[in-house]
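Values below: every heavy atom of this structure, side chains too, minus hydrogens, waters and symmetry copies.
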Amino acid sequence: MQPVDQPFPGLSGLRVIVTGGTRGIGAGIAQGFLRSGAQVIVCARSEPESLPAADGRTATFTRADVRDPEQAQRLIATGADQFGGVDVVISNAGGSPPVPAATASPRFHAKVIELNLIAPLHVAQAANAVMQEQPDGGSIVMIGSVSGTRPSPGTAAYGAAKAGLHHLAASLAVEWAPKVRVNAIAAGPVATESAGAAHYADVGGADAVAGTVPLGRLATPDDVADACLFLASPLAGYVSGAALLLHGGGEWPAFLARQM
């Protein structure tokens, strides 16, 4: 067999939107699609100094706060107008600072859930309306977290929202089939510019966190990008409603430390 130009064939020319795609994981995802020959729009609440670029290709930017349903709809409409359609949407915008649940304000909890669960639903609704009218439909990938699969002390509302996001993807996959595939990625800790030494200072630093992962390292934005590329590619044509665990094997069971 002749080797393919890209590890995941069928991505060249795809029309892709990445929310929160100007830095960190989102920028890595955008660069992965650019390397694969896709056309990419990224959005954020403010325009960055530079945009994701790879192999001589650069993403375009649209300002959008996806917590606002009208702005989420306008984002998808911009992609459809600019590209003539939308093939792939990656809902990456999200996150939460650590705050004890006992003292966090009701407004804080509401905002965390709005960003990490309700906003992806707004974006998905708008994307589905476009994709259902396209001959080849489309693919939606929601960036979840292992915080939604295990206890999430210190970020309880975030973990609950991500658990809901995984369930949302599974439910939409059923409602919107067969035209639109919907999947989630349950990502473990990812090394980004915002998840450096200060982010993990309270737990011994990034190296200490990496030591709890069986593969011995944190994930990188490229790892998340590769998972997105797979789920968007024809190789995942029968994958829908899945929550792909991307966590390097998870965490070493605590009882093993007592045996050493």
Side-chain angles (χ1 to χ4, degrees), residues 4-44 48 50-62 66 75 79 83 86-95 116 120 123-124 127 138-148 162 165-166 169 181-196 206 210 213 215 217-237 239-240 242-249:
V4 296
D5 293 332
Q6 299 292 340
F8 303 110
L11 299 177
S12 181
L14 284 185
R15 302 160 295 186
V16 181
I17 295 175
V18 183
T19 71
T22 60
R23 60 189 178 90
I25 295 171
I29 294 169
Q31 290 167 338
F33 277 102
L34 290 167
R35 282 192 293 268
S36 296
Q39 307 171 81
V40 180
I41 289 177
V42 296
C43 82
S50 61
L51 289 168
D55 294 347
R57 305 168 61 84
T58 303
T60 58
F61 174 78
T62 294
V66 291
L75 168 67
F83 295 151
V86 178
D87 300 306
V88 179
V89 169
I90 311 295
S91 275
N92 166 74
N116 291 282
V123 173
S139 172
I140 298 171
V141 180
M142 299 180 174
I143 305 301
S145 170
V146 293
S147 292
K162 290 302 188 181
L165 187 72
H166 303 160
R181 294 187 299 109
V182 187
N183 292 289
I185 294 173
V190 181
T192 67
E193 64 267 27
S194 63
V213 179
L215 289 189
R217 65 175 179 87
L218 302 183
T220 67
D222 284 345
D223 291 321
V224 184
D226 285 345
C228 291
L229 295 175
F230 165 69
L231 289 174
S233 78
L235 296 178
V239 180
S240 194
L244 175 63
L245 284 171
L246 188 76
H247 59 7

Could you tell me whether the side chain of Pro9 reaches within less than 4.5 Å of the side chain of Leu235, counting heavy atoms only? yes

Qualifying side-chain hydrogen bond (donor to acceptor under 3.5 Å, both in side chains) pairs with a residue from residues 138-147, counting only residues at least two apart or across chains: Ser145-Ser147

Quick one, Ile17 with Val88, criterion side chain to side chain contact (heavy atoms under 4.5 Å, CB included). Give me CA distance, side-chain angles, the key distance, then yes/no. CA-CA 6 Å; Ile17 295 175; Val88 179; over 6 Å; no

Report yes if some heavy atom in the side chain of Asn116 is under 4.5 Å from a heavy atom in the side chain of Lys162; otherwise report no. yes

Would you check, one step at a time, whether the test salt bridge (Lys or Arg N to Asp or Glu O under 4.0 Å) holds for Asp87 with Arg15? CA-CA 5 Å; Asp87 300 306; Arg15 302 160 295 186; 2.9 Å; yes

Kindly indicate whether the side chain of Val40, heavy atoms from C-beta on, has any atom under 4.5 Å from the side chain of Val18. yes

Donor-acceptor contact below 3.5 Å, side chain Ser36 vs main chain Ala38: no

Can you measure from OG (Ser12) to CZ (Arg35) and round to the nearest 0.5 angstrom? 14.5 Å

When every non-hydrogen atom of Phe8 is compared with those of Asp226, the smallest separation belongs to CE1-O, 3.5 Å

Where Ile140 and Ala124 come nearest, the two heavy atoms and their spacing: CD1-O, 4.0 Å

Donor-acceptor pair, Arg181 side chain versus Ala236 backbone, under 3.5 Å? yes

Is any side-chain heavy atom of Val239 less than 4.5 Å from a side-chain heavy atom of Leu231? yes

Can you tell me how far CD1 of Ile90 sits from CD1 of Ile29, rounded to the nearest 0.5 angstrom? 6.0 Å

For a side chain to side chain contact (heavy atoms under 4.5 Å, CB included) check, start with the C-alpha distance between Val190 and Leu218, then their side-chain angles and the critical distance, and finish with the verdict. CA-CA 5 Å; Val190 181; Leu218 302 183; over 6 Å; no

Under 4.5 Å between any side-chain heavy atoms of Cys43 and Val66, yes or no? yes

If we only count heavy atoms from C-beta on, is the Ser91 to Val141 side-chain gap below 4.5 Å? no

For Thr60 and Val42, run side chain to side chain contact (heavy atoms under 4.5 Å, CB included): C-alpha distance rounded to whole Å, both residues' side-chain angles, the deciding distance at 0.1 Å, then the answer. CA-CA 6 Å; Thr60 58; Val42 296; over 6 Å; no

If I compare all heavy atoms of Leu34 with all of Pro52, which pair ends up nearest, and what's the gap? CD1-O, 3.4 Å

Sub-3.5 Å donor-acceptor pair from the side chain of Asn183 to the main-chain atoms of Ala242, do we have one? yes

On a heavy-atom basis, which atom in Ala225 and which in Gly28 lie closest, and how many Å separate them? CB-O, 3.4 Å

Mind checking whether Pro221 and Thr192 have side chains closer than 4.5 Å, heavy atoms only? yes

Mind checking whether Phe33 and Leu229 have side chains closer than 4.5 Å, heavy atoms only? yes

Spell out, as yes or no, whether a donor-acceptor pair under 3.5 Å connects the side chain of Asp223 to the backbone of Thr220. yes

I need the Met142 CE to Asn92 CG distance, nearest 0.5 Å. 12.5 Å

Nearest heavy atoms of Gln31 and Ala54, plus distance in Å: O-CB, 3.7 Å

Does the pair Ile185 and Cys228 meet the rule for a side chain to side chain contact (heavy atoms under 4.5 Å, CB included), with working shown? CA-CA 8 Å; Ile185 294 173; Cys228 291; 3.7 Å; yes

